[in-house]
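Okay, structure first, notes after.
On a predicted model such as this, the values are computed, not experimentally measured, just so you know. Letters A, B, ... mirror the listed sequences (proteins, then strands); counts begin at 1.
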Amino acid sequence: MADQLDMNGLSLKDSQHAPQGQNGFHAPGERSAYIPPHARSSAGPRAPAPTAASLDGAMPAANGLGQSNWAPPKYVHIPPLGFSTAEIDIHRSAGFAGAGRGSGGWANAQSFTPRGGNNWEGGARGGFDRNAYGNPGAGGGQSARGSGEGQWRDGKHIPGPANQRVERELFGVPNDPSKQQTGINFEKYDDIPVEASGQGVPEPVTTFTNPPLDDHLIANIELSGYKVPTPVQKYSIPIVMGGRDLMACAQTGSGKTGGFLFPILSQAYQTGPSAAAPQQGGFARQRKAYPTSLILAPTRELVSQIYDEARKFAYRSWVRPCVVYGGADIGSQLRQIERGCDLLVATPGRLVDLIERGRISLANIKYLVLDEADRMLDMGFEPQIRRIVEGEDMPPTAGRQTLMFSATFPRDIQMLARDFLKDYIFLSVGRVGSTSENITQKVEYVEDADKRSVLLDILHTHGAGLTLIFVETKRMADSLSDFLINQGFPATSIHGDRTQRERERALDMFRSGRCPILVATAVAARGLDIPNVKHVVNYDLPTDIDDYVHRIGRTGRAGNTGISTAFFNRGNRGVVRDLLELLKEANQEVPAFLESIAREGSGFGGGGRGGRSGGGRGRGATATRDVRSFGGGQRPAYAGSQWGGSSGGGYGGGFGGAPAAGGYSGGGGYGSGYGNPSGPSGPGPNSSWW
DNA sequence: TGTGGGC
């Protein structure tokens, strides 16, 4: 269904869709118009999920390339993905078919493809009716939009009616592999250590129960299949509900999104819309939206993913989530916002645009969330974030709650982040290397000239499952995917120069297994939750080790295992020390050449630390630590979630029980071997993942 | 340097 819709308005550039009957492949000689490399990768619209038969036979033939390298069985392992064409169609059609508004998956396509009667329509929200705040029409039966939305009336939350179709769209059907992550049971993570510092850290919760959580939220959590809060959720729920600011380090895929959505929505369901809400003139047409929650993330796809989650947990509630990002039709986003916007998920650029147009005010923001916060505050994004947070009408730190989440949090970025936080609690969830236990990391020495052939070897060897290949530049993404396609591999690419439609399509093809090889730039490095990524290849290593951490984190998620392979050569010696350290910490095999190049490296590059990581940006210890604890040589309290036995009390520095002690008073410190001594580069650890 | 992100 999605693919079919994608046919609308295709330009020449999209002509890969045209030869539907040929599985979307052109013989090279036949091309009369330029077809971008990635375009040649796609199977035609509505192509069935690849089966051994379809790929084996049709694809190479249509490709007309001889395909000596084509090894069907390996890439056709759709079975491990558990897809059938029918399932895909069900899901997708659910996403597009009828919902009056944004549909699931990457279905936000509607926002840039104004198809007739697009998804934002389907029943005008009669302006704002703040008397019965929320979703007019939902009260007495079916909402006009058919989404089963609730409202806030007379100080009470009145959930909308259930809607089977919407439920299936949001929560999937049983065993829907595209919803796999939902409902992963995190009970096995019970022994994950947690470090919390700051004044008065509250006790963690252990279940999704009322109190403190609102019943309506709990119902939606159950629909989503979550059973027990993940470690980060256990801590973030009471912290956020207690009104505190938060800086949290937790691997994506560990329930981070729920970590902020749960407490925010729960509060919203209990307290209703902000009293200070929209100064609606008495006129029907209010064109400016006043969201109470704002979630910012660095890429469009991530924003879209968060929005999809938000819709689940906001189901039938008075809270209306909206999403805005660039590359998509702004008109439909405006219409969407006009119908009500309580929780807004956005990329920075488009948000600024909408603010400038006077269509969004941040005056009512109660919650500000920066996802992938270290990225949002790095050189590239920081000015925009600062403008949004400090340069518009958002309440100051005292008037809002600010939450930051990331898997990595370099020291310098922590320092910067403090500008946006007030008396925050620092939370680090996870055991050193816990992720990597699920990821087998390999590093191979490969000269640039040999990369392609080594990659082919790898692709032949590790056939089953999805393979995500990272490169450093957009150009390389195109040329490598082009190469792979010419070699007969079902590959596609995603990077920032592709159109939004191409990006979403590539991701969808990858996700669904129809195109199990994806060549990507950094755009896909963070946050994306793609089930069944079996192998991450760092064809080009990033220059920053944190990027490496995020990249390999696309596999081995939520208890699954994964493989990571990095191509290393002397051009990467800038990261050699950090990489070395990382591998050791994660108990991975350390190739000898790494050690020796690291020694070479220490000879030059100046300073104590070889390579680029000057400025104290290198990895130090394994755990991210609260930067506030470095000042006086003090360390944050150490809270072993299940270690100390005493259910949250009695950690060294006053976690839980002894409020004032916090992380400032040099608590018990780390167990031996937990916090490494500071590296030579600087005052100490700064970046990490759990 | 490159990668994201508005028009």
Residue pairs passing the ring-ring contact (aromatic ring centres under 6.0 Å, His included) test where at least one lies in residues 332-357 of chain A, sequence neighbours excluded = none
Nearest listed nucleotide, side chain of A/Y325, among B/dG2, B/dG6, B/dG5 = B/dG6
Donor-acceptor pair (no angle test) under 3.5 Å: A/Q384 side chain, B/dG5 base = yes
Select one nucleotide: of B/dG2, B/dG4, B/dG5, the one nearest the side-chain heavy atoms of A/T521.
-> B/dG4
Pairing of A/E301 and A/R498 as salt bridge, 4.0 angstrom limit | no
Would you say A/P321 and A/Y307 make side-chain contact, with heavy atoms under 4.5 Å?
-> yes
Please identify each residue that fulfils salt bridge (charged side-chain N to carboxylate O under 4.0 Å, His left out) with A/D419, with sequence neighbours left out.
-> A/R386
Determine the contact category for A/R503: base if any of its heavy atoms lies under 4.0 Å from a base atom, sugar-phosphate if only primed atoms, P, OP1 or OP2 are that close, otherwise nothing.
-> sugar-phosphate
Checking only heavy atoms, does the side chain of A/R375 share a donor-acceptor pair with the base of B/dG4 at less than 3.5 Å?
-> yes
Does A/T473 make a side-chain N or O approach to OP1 or OP2 of B/dT1 shorter than 4.0 Å?
-> no
Hey, does A/V523 reach any base, or is it just sugar-phosphate, or nothing, if we go heavy atoms under 4.0 Å?
-> sugar-phosphate
Contact class for A/G380 (heavy atom, under 4.0 Å): base, sugar-phosphate, or nothing?
-> base
